[in-house]
Amino acid sequence: MATLDTAVYEPQQHLGPTAERGWSCRCVADADPSSIVRELGRIGDHLGTRVAGRAGSLEEVIQPRAIADAHPRSLSARYGLGTLPFHTELSHRTKPCRYLLLGCIDPGSPAAATMLLDWRNLGFSQQELDLLEATPVLVRTGRRSFYSTILAPGGAFLRYDPGCIEALDARGRNALRLVEDRIAGAASEAEAHHWRQGDILIIDNWRVLHGRSPSDQGSGRRLARILIDA
Ligand SMILES: [Fe+2]
């Protein structure tokens, strides 16, 4: 569970707990939507450079979407309001963003948790890491689709998103199944962040996979999101 820190904090503190365990939570005292978005921007600008999400915007407000309402290449287009599987944000970019910042405008009712899982705790052996680093897979993103690997050179990040990564051969299928099986096996150890209005999560996207528990149509859940390259 997240430790909620409501104290006044300085910019250099942003990365303290995030550097330690890959993610951290803060709370904005004055939790109106514009304050939350402003605070996300402030933290984000300190950490690096904002990058646009799939819809092309540097600041987004996301909400659970049914399959029919989702961006055609988003995970919601496949999983809708059900459980969104663990993934790396912006896996369809050659280099996924380093940080993912989420701020809770409305936790919704029923509320859906954000699930967090450090891929380095998935127990990959050296041989398995070599497989993930050496096996080409296809990252499907329309006309800009490209070949890559699940594990970046030197293990800098894990690229995993069942919505856009496809195997090219049996080795690729083994690599994808390996990650899928390890995530399934570790799901009970994942941390669930149960949102409260004003919460801000800073997630090291190169280290921590995230997902979402099931939601409902019209739950009202709204999260502000900013993506950061660093
Ligand atoms: Fe995501």
Side-chain angles (χ1 to χ4, degrees), residues 2 18 22-25 36-37 40 43-44 47-48 50-67 69-108 111-119 122 139-142 148 150 152 157-166 176 179-180 183-184 186-187 190-195 199-216 219 221-230:
T18 306
W23 67 280
S24 62
C25 177
I36 294 167
V37 171
L40 279 187
I43 298 170
L47 294 177
R50 297 189 206 190
V51 287
R54 210 182 272 274
S57 173
L58 294 176
E59 279 176 11
E60 301 166 289
V61 175
I62 55 170
Q63 50 192 310
R65 297 222 178 254
I67 288 173
D69 302 330
H71 184 288
R73 285 198 293 273
S74 67
L75 275 175
S76 294
R78 181 181 293 196
Y79 300 94
L81 298 165
T83 301
L84 281 191
F86 284 104
H87 60 282
T88 310
E89 196 71 15
L90 296 190
S91 280
H92 63 288
R93 302 272 171 89
T94 48
K95 193 186 268 189
C97 60
R98 179 63 196 270
Y99 298 106
L100 163 63
L101 273 52
L102 298 170
C104 182
I105 296 170
D106 188 334
T114 289
M115 310 299 294
L116 301 151
L117 187 58
D118 187 337
W119 69 263
L122 294 177
V139 182
R140 206 173 267 292
T141 177
S148 188
I150 296 172
F157 57 83
L158 189 85
R159 181 196 304 279
Y160 182 69
D161 182 334
C164 70
I165 298 177
E166 292 176 15
L176 280 170
V179 179
E180 199 180 319
I183 288 175
E191 297 187 80
H193 181 72
H194 299 282
W195 290 99
D199 283 357
I200 286 179
L201 283 193
I202 305 170
I203 301 169
D204 182 344
N205 186 48
W206 285 10
R207 175 172 160 191
V208 174
L209 302 163
H210 65 283
R212 189 204 68 210
S213 64
S215 189
D216 262 6
S219 72
R221 184 188 200 254
R222 284 188 303 149
L223 301 180
R225 177 171 68 185
I226 286 182
L227 309 170
I228 299 293
D229 271 349

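Counting starts at 1 for both ligands and their atoms, in listed order. Residues take their numbers from the sequence shown, with the count starting at 1.
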Within the distance-only criterion (no hydrogens, no angle test), does the side chain of [X] pair as donor or acceptor with the backbone N or O of [Y] below 3.5 angstrom?
| X | Y | answer |
| --- | --- | --- |
| Thr88 | Leu158 | yes |
| His210 | Val208 | no |
| Asn205 | Glu89 | yes |

(request) Please report the number of protein N, O or S atoms that lie less than 2.8 Å from the Fe ion (ligand 1). (result) 3
(message) Whether Arg54 and Glu60 form a salt bridge (side-chain N of Lys/Arg under 4.0 Å from carboxylate O of Asp/Glu) is what I want to check.
(response) no
Return a table of donor-acceptor pairs under 3.5 angstrom between the side chains of residues 97-107 and protein atoms on other chains or two or more places apart.
| residue | atom | partner | partner atom | Å |
| --- | --- | --- | --- | --- |
| Arg98 | NE | Asp204 | OD1 | 3.0 |
| Arg98 | NH2 | Asp204 | OD2 | 3.0 |
| Asp106 | OD1 | Gly108 | N | 2.8 |

(request) Test Trp206 against every option in Phe157, Trp23, Trp119 by the ring pair (Phe, Tyr, Trp, His ring centres under 6.0 Å) rule and name the one that passes. (result)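 Among Phe157, Trp23, Trp119, the one that satisfies the ring pair (Phe, Tyr, Trp, His ring centres under 6.0 Å) with Trp206 is Phe157.
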